[in-house]
S.K.: 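Quick one: this structure, given as structure tokens, is what I'll be asking you about.
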Amino acid sequence: MNGKFILTCSGCGKTFAPSPELYLCPDCSRNNDTVNPPKGVLKAVYDYEILSKHKEEVITGNFWDLIPLLKKESLPKLRIGETPLYRFDRIDGETLTFELYLKDDSQNPTFSFKDRASAVVSAYARENGISTIVAASTGNAGSSLAGICASQEQKAIIIVPKSAPHAKLTQIVMYGATIVPVNGTYDMAFDLSMEATKEFGWYNRNTAFNPLTIEGKKTVSFELFKQLSRAIPDYIFVPVGDGVIISGVYKGYEDLLKVGLIDRMPTVVAVQAAGSSNLIENIGKPDFTIKPSNTLADSISVDIPRNFFMAQYYLLQYKGEWLSVTDDDIVNASKILARNTGIFAEPAASTAFAGMLCYQKNQKLLSKQRVVVLLTGSGLKDLKAVSSVINIPNAIDPTVDSLRKNEWIKF
């Protein structure tokens, strides 16, 4: 048994010893259905009182005391996390009055933030003698789990909607995973994966179902703490679909707060695509309502945000903010981001940047504030999404005179 942590229900507060068979609180999840976000999502809790007496050791140990694993050797050999944090001072020739930082998680092994969660889930499975892991995915979580399992000699079974981007499906197949396309949405794939978990005994990686996914994703907050020399950002813009990444960001900073390494929380901004904004549109409402998702940002396109209740708690508890942006805003933000920074982000990642641009336009970002944008995936994962802003010119004759006459070149 792993004695480093316990699991606490985010609803009723009951505590449980962790085990591979435990995903949700048995009591709170008893009446869960397929048309509402699940209740009973569990959260890992550590002995913060003891850790607070050894704050510096927590840092020098690279926060291992706050990771739900027994042995570092259980983790994949691949370099996961420790992604770059870039500072940029200008956008389209305009000098920024605030400090803009871009956390580029496309530099992970499968080019996605999701590797953080897959690594912890895979390692925990390895420590418990589990060799087969299943996940539902629109592409990124699936390709991430497939790649991580390939490095760990584990079997991955990935259930995806058949409409998932071809590049992500290609990754899954190339990593040697078993891919199962379904005629339906991500939510249908999610439900099928949970039924398969019960039927076949596979370990399930699904976000907002497996509590260790949040423990993997929270590591980005630990890295930001170090990379910003322990300073707390004024704003962190996060793309939101299921609500797990934003919960992970909050959980990481909450751990730091409980250990006593920070004295306040950053303002975390949840940014959703307007065509898939079921999480932010239901915050504070007594009854959950669903609008069918319709956005090109496939990685955050979900009808039922599975981690709604935890994300809502964090946003309200720590005074977070939220907004939605249109698909046009997302594509435009992707283009602005690429031409100003050299970072080509997929639509889901560009959603966070679009949110930052919206705040900048409305003059919500003040002078000297530290602003972090979480870029969660590479643009090479979904080239079709930006095809509307791509215009490749016709070929010319290979002569200098043809270059001189070319309307695309400014001399």
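Every heavy atom of this structure was used, including side-chain atoms; hydrogens, water molecules and symmetry mates were not. We number each residue from 1, following the sequence as shown.
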S.K.: Passes salt bridge (charged side-chain N to carboxylate O under 4.0 Å, His left out), D234 versus K368? Steps please.
M.R.: CA-CA 10 Å; D234 294 287; K368 306 301 182 183; over 6 Å; no
S.K.: Is it the case that E254 and Y314 place a side-chain donor and acceptor less than 3.5 Å from each other?
M.R.: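 A donor-acceptor contact under 3.5 Å links the two side chains.
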S.K.: Looking only at atom types and distance, does a side-chain atom of Q272 sit under 3.5 Å from a main-chain N or O of V240, one as donor and one as acceptor?
M.R.: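 Answer holds: yes.
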S.K.: Side chains of D329 and T326: is there a donor and an acceptor less than 3.5 Å apart?
M.R.: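 Their side chains do contain a donor-acceptor pair, which is all the 3.5 Å distance test asks for.
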S.K.: Run F237 and Y359 through ring pair (Phe, Tyr, Trp, His ring centres under 6.0 Å) and show every step you take.
M.R.: CA-CA 10 Å; F237 288 84; Y359 269 56; 5.1 Å; yes
S.K.: Could you tell me whether a side-chain N or O of K4 sits under 3.5 Å from a main-chain N or O of W64, the two making a donor and an acceptor?
M.R.: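 The answer is yes, because a donor-acceptor pair under 3.5 Å joins these two groups.
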S.K.: Output, in order, the C-alpha distance, side-chain angles, deciding distance and verdict of salt bridge (charged side-chain N to carboxylate O under 4.0 Å, His left out) for E223 and K226.
M.R.: CA-CA 5 Å; E223 289 176 24; K226 293 190 299 180; over 6 Å; no
S.K.: With a 3.5 Å cut-off and no angle check, do the side chains of T83 and D104 form a donor-acceptor pair?
M.R.: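 Looking only at side-chain atoms, D104 and T83 do not form any donor-acceptor pair under 3.5 Å.
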S.K.: Before accepting this row, confirm whether a basic side-chain N of the pair R339/D92 lies closer than 4.0 Å to the acidic partner's carboxylate O.
M.R.: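 Judged by the 4.0 Å cut-off on N to carboxylate O distance, R339 and D92 do form a salt bridge.
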S.K.: Quick one about T110 and Q171 (side-chain donor to acceptor, distance below 3.5 Å, no hydrogens or angles considered), yes or no?
M.R.: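 The criterion, which ignores hydrogens and geometry beyond distance, is not satisfied for T110 and Q171.
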S.K.: Within a reach of under 6.0 Å around CG of N294, are more than 12 heavy atoms found that belong to other residues, nucleotides or ligands?
M.R.: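 Result for CG/N294: open.
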S.K.: For the side chain of Y23 and the backbone of N204, is there at least one donor-acceptor N/O pair under 3.5 Å apart?
M.R.: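 Answer holds: yes.
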S.K.: For the pair D89 and R87, find out whether any cationic side-chain nitrogen is under 4.0 Å from an anionic carboxylate oxygen.
M.R.: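 Result for this pair is yes, salt bridge flagged.
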S.K.: Looking at every non-hydrogen atom in both residues, tell me the closest pair between D65 and V58 and how far apart they are.
M.R.: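 Taking every non-hydrogen atom into account, OD2-CG2, 4.1 Å.
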S.K.: Of the non-hydrogen atoms in P181 and I179, which two are nearest, and what is the gap between them?
M.R.: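 Taking every non-hydrogen atom into account, CD-O, 3.6 Å.
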S.K.: How far apart are the closest heavy atoms of A208 and L24, and which atoms are they?
M.R.: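 Looks like O-CD2, 4.1 Å.
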S.K.: Minimum heavy-atom separation for R205 and A117, please, with both atom names.
M.R.: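 Residues R205 and A117, closest heavy atoms: NH2-CB, 3.4 Å.
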S.K.: Looking only at side chains, do K39 and N31 share a donor and an acceptor under 3.5 Å apart?
M.R.: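 Distance-only check fails for K39 and N31.
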S.K.: Using distance alone, with no hydrogens and no angle criterion, decide if K168 and S299 have a side-chain donor and acceptor under 3.5 Å apart.
M.R.: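 Yes, a side-chain donor-acceptor pair sits under 3.5 Å.
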S.K.: For the backbone of G284 and the side chain of Q312, can you confirm whether one donor and one acceptor N or O come within less than 3.5 Å of each other?
M.R.: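 Yes; judged by distance alone, with no hydrogens or angles, the pair exists.
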S.K.: If I compare all heavy atoms of F344 with all of S334, which pair ends up nearest, and what's the gap?
M.R.: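 Heavy-atom minimum between the residues: CE1-OG, 4.2 Å.
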S.K.: What heavy-atom pair brings P305 and G241 nearest, and what distance separates the two atoms?
M.R.: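 Where P305 meets G241 most closely, the heavy atoms are CB-O, 3.6 Å.
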S.K.: State whether a side-chain donor-acceptor pair under 3.5 Å links S293 with D303.
M.R.: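 Yes, a side-chain donor-acceptor pair sits under 3.5 Å.
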S.K.: Can a side-chain donor-acceptor contact be found between D191 and T34 if the only test is distance below 3.5 angstrom?
M.R.: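 No, because no side-chain N or O of T34 sits under 3.5 Å from a partner of the opposite role on D191.
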S.K.: Regarding S118 and S144, is there a side-chain donor-to-acceptor distance under 3.5 Å anywhere?
M.R.: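 A donor-acceptor contact under 3.5 Å links the two side chains.
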S.K.: Is K155 close enough and on-axis enough to W202, meaning under 6.0 Å and within 45°, for cation-pi?
M.R.: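 No, a cation-pi geometry is absent between K155 and W202.
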S.K.: Counting neighbours of NZ on K335 that are heavy atoms of other residues, nucleotides or ligands and sit closer than 6.0 Å, is the number greater than 12?
M.R.: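 Count not over threshold, so no.
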S.K.: Any Lys/Arg nitrogen of E153 or K77 sitting under 4.0 Å from an Asp/Glu carboxylate oxygen of the other?
M.R.: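 Looking at K77 together with E153, the answer is no, because their closest N to O distance does not fall below 4.0 Å.
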S.K.: Classify the side-chain pair D298/Y186 by whether it contains a donor and acceptor separated by less than 3.5 Å.
M.R.: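 No, no side-chain donor-acceptor contact under 3.5 Å.
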